[in-house]
Peer 1: 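Here you go, one structure.
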Amino acid sequence: MAVDKLNYLSDKVRNMAESATIKMAGMARAMKAEGKDVISLSLGEPDFDTPDHIKQAAKQALDDGYTKYTPVPGLIELRQAIVDKFKRDNNLEFTTDQIVVSNGAKQCIANICLALLNPGDEVIIFSPYWVSYSEIVKFAGGTPVPVHADISADFKVNAGQLDAAINPKTKAILFSSPCNPTGSVYTHDELTSLVEVIDKYDNLFIISDEIYEHINFTDAHASIGTFDAVREQTITVNGMSKGFAMTGWRLGYMGAPAWIADACNKVQGQFTSGASSFGQKAAAIALSTDLKPTKEMKVAFLKRKHLVKELLDDIPGVVANDPKGAFYFFPDISYFFGKSNGILTIDDANSFCEVLLQEANVAVVTGSAFGDENCFRLSYASSEETLKEALKRIKNCLSKFS
Ligand code: PMP
Ligand code: GLU
């Protein structure tokens, strides 16, 4: 039987874009395997190792026999540690039946979208946005509605823009603060004005992705779920990947109204079951012990941020904001569009990234994957030495375009 393989795949999968972050990281890895000296600033992944006491806790859990299925929403001791963490760090009140632990914050967002969305439902996504938001919303049957703020607004959507985008089909609002890819952080005052708008609508849910909470240089992380007006309408997503350097462990969690947590629990029960048992034991320790390693990583990220900002500002044509959190820069590089080095021409953000990869051997991610065609994303979760070398290569490469 001759199968038309491409057309045989589901429409859902054919219409889904590949994750640009993961694709770029894969390309860089493949070039390295071919012996090329590629620097990858493409993936948002702390270069630090998981702190030792967390690794020890996982080893201990294995020795203690934590090798079996867990309850789908997570071990009760982890859910209690999450309840305590939400109270301690975010002033958010939950009970353990409102918590669902998943295989990464990515799965939390997928669970939520699958649990909430019907065809025709719209989800307002603050843009620039993390690559997977729009694809997850689409896969779940919803329609992503990006509401965009550019670099002149420090990439932050205002209340007027939000109000104008809400219509009877709007079911949810999805955003991250600190933001991937821009590093922007919504202040308490900015959240207040967004809440005033959302408060006018009862059927609107907020999906607040706070996975970069601990990498916030303002020291004032604000959770939108603390506002009384939207408390019952907010789902707070977080995870172990960024703040605890645990990307490979695949552990994320959310706090939500109990009926939404129940629905996510049902979805997860059919797709993946509970997250890894010994990983959950270690996460419970990570969340309830000293945050010293997390704070040390933040200090290192801040130092790197200053370094990269200085080096980016030194490249004519590159315009970078001053990110207040996460570990990304999202510079505007529209100055280079139409410019050539005699061999290659930079037409847009995609070709800008191709040029950097081919000519400078530096992998970064195109802004178009994050909803902004004028920008590219650079992750500075690498050593200072690597960052200096990468920025030197980028500057040198771009100096040849006129
Ligand atoms: N949200 C944002 C904003 C992210 O950058 C990421 C990338 N890791 C995730 C969610 C998903 O994280 P994970 O699945 O590793 O917990
Ligand atoms: N969230 C990280 C990033 O934006 C990891 C890769 C991914 O899951 O997209 O690079």
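Quick note: residue numbers are just sequence positions, from 1. Heavy atoms only: backbone and side chains are in, while hydrogens, waters and symmetry mates are out. Order of appearance sets the numbers: ligands from 1, and atoms from 1 within every ligand.
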Peer 1: Are side-chain N/O atoms of Tyr133 and Asp209 paired as donor and acceptor at under 3.5 Å?
Peer 2: yes
Peer 1: Should the ring pair Phe352 and Phe336 be called parallel, tilted or perpendicular, given that the plane angle runs from 0 to 90° and is split at 30 and 60?
Peer 2: tilted
Peer 1: Quick check on contacts: which atoms of ligand 1 are under 4.0 angstrom from a heavy atom of Tyr133?
Peer 2: 3 (C)
Peer 1: More than 12 heavy atoms of other residues, nucleotides or ligands under 6.0 Å from NZ of Lys87: is that the case?
Peer 2: yes
Peer 1: Between ligand 1 and Ala105, can you find any atom pair, the residue atom being a heavy atom, that is separated by under 4.0 Å?
Peer 2: yes
Peer 1: May I ask you to identify the nearest protein heavy atom to atom 1 (N) of ligand 1, giving residue, atom name and distance to one decimal place in Å?
Peer 2: Asp209 OD2, 2.5 Å
Peer 1: Got a donor-acceptor contact below 3.5 angstrom from the Gln280 side chain to the Leu75 backbone?
Peer 2: yes
Peer 1: Kindly confirm or rule out a cation-pi arrangement of Lys281 over Tyr66, judged by NZ or CZ under 6.0 Å from the six-membered ring centre and within 45° of its axis?
Peer 2: yes
Peer 1: What do you reckon, does Asn180 have a nitrogen or oxygen under 3.5 Å from a nitrogen or oxygen of ligand 1?
Peer 2: yes
Peer 1: Give me the pairs of N or O atoms, one from ligand 2 and one from the protein, that sit under 3.5 Å apart.
Peer 2:
unit_1: ligand 2; atom_1: 1 (N); unit_2: Trp130; atom_2: NE1; d: 3.4
unit_1: ligand 2; atom_1: 1 (N); unit_2: Lys242; atom_2: NZ; d: 3.3
unit_1: ligand 2; atom_1: 4 (O); unit_2: Trp130; atom_2: NE1; d: 3.2
unit_1: ligand 2; atom_1: 4 (O); unit_2: Asn180; atom_2: ND2; d: 2.9
unit_1: ligand 2; atom_1: 4 (O); unit_2: Arg377; atom_2: NH1; d: 2.8
unit_1: ligand 2; atom_1: 8 (O); unit_2: Lys106; atom_2: NZ; d: 2.9
unit_1: ligand 2; atom_1: 9 (O); unit_2: Thr21; atom_2: OG1; d: 2.7
unit_1: ligand 2; atom_1: 9 (O); unit_2: Trp130; atom_2: NE1; d: 3.2
unit_1: ligand 2; atom_1: 10 (O); unit_2: Gly44; atom_2: N; d: 2.7
unit_1: ligand 2; atom_1: 10 (O); unit_2: Arg377; atom_2: NH2; d: 2.8

Peer 1: How about Phe330 and Trp130: are their ring centroids closer than 6.0 Å?
Peer 2: no
Peer 1: Decide whether an N or O pair under 3.5 Å exists between Gln107 and ligand 1.
Peer 2: no
Peer 1: Does ligand 1 have any atom sitting under 4.0 Å from a heavy atom of Phe327?
Peer 2: no
Peer 1: So is Gly104 in contact with ligand 1, going by heavy-atom distances below 4.0 Å?
Peer 2: yes
Peer 1: Has ligand 1 got any nitrogen or oxygen that is less than 3.5 angstrom from a nitrogen or oxygen of Thr247?
Peer 2: no
Peer 1: Is any side-chain N of the basic residue among Glu384 and Arg304 closer than 4.0 Å to the acidic one's carboxylate O?
Peer 2: no
Peer 1: Parallel, tilted or perpendicular for Tyr253 and Phe86, by the 30°/60° rule?
Peer 2: perpendicular
Peer 1: Please could you name the atoms of ligand 1 that Tyr212 approaches to less than 4.0 Å, counting only its heavy atoms?
Peer 2: 3 (C), 4 (C), 5 (O)
Peer 1: Starting from atom 9 (C) of ligand 1, which protein heavy atom do you reach first, and at what distance in Å?
Peer 2: Trp130 CH2, 3.4 Å
Peer 1: Identify whether NZ of Lys or CZ of Arg in Lys324 sits under 6.0 Å from the centre of the six-membered ring of Phe217 and within 45° of that ring's axis.
Peer 2: no
Peer 1: Less than 3.5 Å apart, any donor N or O on the side chain of Asn91 or Thr226 sitting next to an acceptor on the other?
Peer 2: no
Peer 1: State whether the shortest distance between N or O atoms of Asn103 and N or O atoms of ligand 1 falls below 3.5 angstrom.
Peer 2: no
Peer 1: Quick one: which of Leu174, Ile211, Leu43 has a heavy atom closest to atom 12 (O) of ligand 1?
Peer 2: Ile211
Peer 1: For atom 8 (N) of ligand 1, tell me which residue out of Lys242, Arg250, Met240, Lys106 has the closest non-hydrogen atom.
Peer 2: Lys242
Peer 1: Would you say Gln107 and Thr272 are linked by a side-chain donor-acceptor pair, where the criterion is simply a distance under 3.5 Å?
Peer 2: yes
Peer 1: Grab the two heavy atoms, one from Ala261 and one from Asp97, that are nearest each other, plus how far apart they are.
Peer 2: CB-O, 3.6 Å
